[in-house]
Amino acid sequence: MTALPPLPTARTCPFDPPPEYRRLRVEQPISRVVTPRGDPAWLVTRHEDIRAVLTDRRFSSNPLARGYPSYVTGDVPPPPGFFMQMDAPDHTRLRALVTREFMARHIESLRPRMQAIVDRRVDALLQEPQPADLIKAFALPTASAVICELLGVPFEDAGFVQSRTDGVLDRSRTAKESETSAIELMGYFDRLVTAKEQAPGDDILGRLISDKTRSEQVTHAELVGIAALLMLGGYDTMAQVIGLGTVTLLQHPEQLADFLRDPSLADGLVEELVRYLTVNHAGLPRAATADVEVGGQLIREGEGLIVMLSSGNRDEQAFPNADAFDIRRDCRHQVGFGHGLHRCIGATFARAELAIVFRTLFERIPTLRVAVPVEELAFRHEMVLYGLKQLPVAWSAASPSTGPQEAA
């Protein structure tokens, strides 16, 4: 095991996956590696093979499955209700309880609320002294405020949730530190759900509790896990895409201008940002529950896999000129939102929010710029979700728009 190549593989460009993945896709698309915790696993790098694994029920998402390769330290089992790390039938049952909250028609009705939140956060950003940190002043509070309002989580608690989430997902933390963060995080959501069971509000958790048809199918402990999953999925991933996406769009001013002129490009822009950036740079872990052949390689029962989404999204066989950023590219088959049964339940929500964020940000602050050379930016290499630690930005004092903009 000590002879296996270790993850994470080093990047040479902060906006591209490690170049080693390009070689592996051609020469050894399924290869042996060892995770940062020391678990051996098969690394799956081709787009075609990634989609095959993610649609095959013989690969388990349950961290308790034999051979499941952990990317983080600590051994806290997934909480009840955390259906991202479950298999059928529990995954199917719990996911179905919240599916209606993320259907396209319902998301459309939420756009005015999302727009109002984004406008308030741009207002707050404009009050910051320059250079301002876009991550601290805009990306994190915007992503947090949107999901907090939809879930019914007090926004003033977002900092606590963020710090404990970072404690779980930071590979540089000790096992004890990660476990303590996980326990404190779940304790918070337990108290939140308990309060909502006494007084449900007009939010996702409140409606789930008030709807007897749905509430009878879920336990209190499962509600706690669902709340944690939706909160974590709705803020951290979004915040990292906002930060990295802002730099990416500033690096491609012609495409940014096209997007601002033509609202019909919104979906393509978001889909391409998710493909191009793939902030989940740690991959998705799976465990084989039977002998399965993938891409010509036999994976034996009890062996683990790391499905490397960032490599699949730069696979030249699936995306010609894959390392180029192109908002007119048809990349609806990209795997940044996952694929198959575990495809991100909030993908439609994410598209709407990110389109509103980028249109509002750049229409209201058209002279926005990165205030330091890109080479000086600090990136989250040690985190499960890739992103920027800080993003100093500046703008012309005379340029910001003072009024709300129409959402994309």
Side-chain angles (χ1 to χ4, degrees), residues 1-56 59 67 69-72 171 240 244 248 251 271-288 292-300 303-326 329-331 333-339 374-375 377 379-387:
M1 185 167 60
T2 57
L4 296 178
L7 292 178
T9 308
R11 294 174 182 248
T12 56
C13 170
F15 289 91
D16 292 333
E20 175 70 3
Y21 296 161
R22 184 183 300 113
R23 182 190 68 80
L24 288 174
R25 287 194 297 268
V26 175
E27 299 178 8
Q28 199 174 4
I30 301 179
S31 60
R32 295 291 278 170
V33 294
V34 62
T35 72
R37 198 178 73 162
D39 296 339
W42 292 99
L43 181 68
V44 185
T45 54
R46 286 195 312 200
H47 182 267
E48 178 184 3
D49 297 334
I50 288 170
R51 286 167 64 97
V53 170
L54 295 180
T55 53
D56 194 323
F59 293 109
S70 178
Y71 203 86
V72 296
R171 292 182 293 99
Q240 306 319 319
L244 291 170
T248 300
Q251 291 176 325
E271 209 76 31
E272 177 68 348
L273 280 173
V274 172
R275 181 200 73 85
Y276 183 76
L277 299 171
T278 314
V279 297
N280 180 346
H281 71 152
L284 296 178
R286 294 291 188 266
V292 188
E293 184 175 300
V294 178
Q297 175 64 54
L298 177 63
I299 312 294
R300 296 198 176 277
E303 292 183 334
L305 304 87
I306 298 290
V307 178
M308 194 54 67
L309 304 179
S310 60
S311 176
N313 274 342
R314 295 297 186 94
D315 188 338
E316 298 78 4
Q317 297 302 310
F319 308 100
N321 198 19
D323 288 336
F325 178 74
D326 181 3
R329 178 197 306 274
D330 182 1
C331 61
H333 53 305
Q334 59 93 10
V335 292
F337 287 124
H339 183 63
V374 172
E375 299 78 35
L377 295 174
F379 293 84
R380 296 174 18 135
H381 294 284
E382 74 281 5
M383 303 296 289
V384 171
L385 293 180
Y386 189 63

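This chain uses plain numbering: 1 for the first residue, then up along the sequence. In what follows, every heavy atom counts, from backbone to side chain, and hydrogens, waters and symmetry copies are set aside.
Scored by the side chain to side chain donor-acceptor pair (under 3.5 Å) test, Arg286 finds Ser61 as partners (sequence neighbours excluded). Shown here are the side chain to side chain contact (heavy atoms under 4.5 Å, CB included) partners of Glu20, two or more places apart in sequence or in another chain: Thr9, Arg23, Leu24.
The six-membered or imidazole ring of His333 lies away from that of His339, with a centre-to-centre distance of 6.0 Å or more. Note: Phe15 and Tyr386 fail the aromatic proximity criterion, with ring centroids not under 6.0 Å apart.
Under a 3.5 Å cut-off, the side chain of Glu293 and the backbone N or O of Leu298 do not form any donor-acceptor pair. Looking only at distances, a side-chain donor or acceptor of Thr35 sits under 3.5 Å from a matching main-chain atom of Ser70. The backbone N or O of Ala10 lies less than 3.5 Å from no partner atom in the side chain of His381, so there is not a single donor-acceptor pair.
A salt bridge is absent between Asp315 and Arg22: the closest approach of a Lys/Arg side-chain nitrogen to an acidic carboxylate oxygen does not fall below 4.0 angstrom.
For the residue pair Thr278 / Asn313, a side-chain donor-acceptor distance below 3.5 Å is found, with atom types taken as modelled. Judged by distance alone, the side chains of Glu48 and Gln317 never bring a donor and an acceptor atom under 3.5 Å apart. Gln297 and Trp42 are not linked by any side-chain donor-acceptor pair at a separation below 3.5 angstrom, with hydrogens and angles left out of the test.
Minimum heavy-atom separation, Arg300 to Ala288: O-CB, 3.5 Å. Closest heavy-atom contact between Leu43 and Met308: CD1-CE, 3.7 Å. Closest approach of Ser310 to Pro17, counting heavy atoms only: O-CG, 3.6 Å.
Both the sub-6.0 Å distance and the 45° axial angle are not jointly satisfied by Arg329 relative to the ring of Tyr276. For the pair Arg314 and Phe319, the cation-pi test (distance below 6.0 Å, angle within 45°) is failed.
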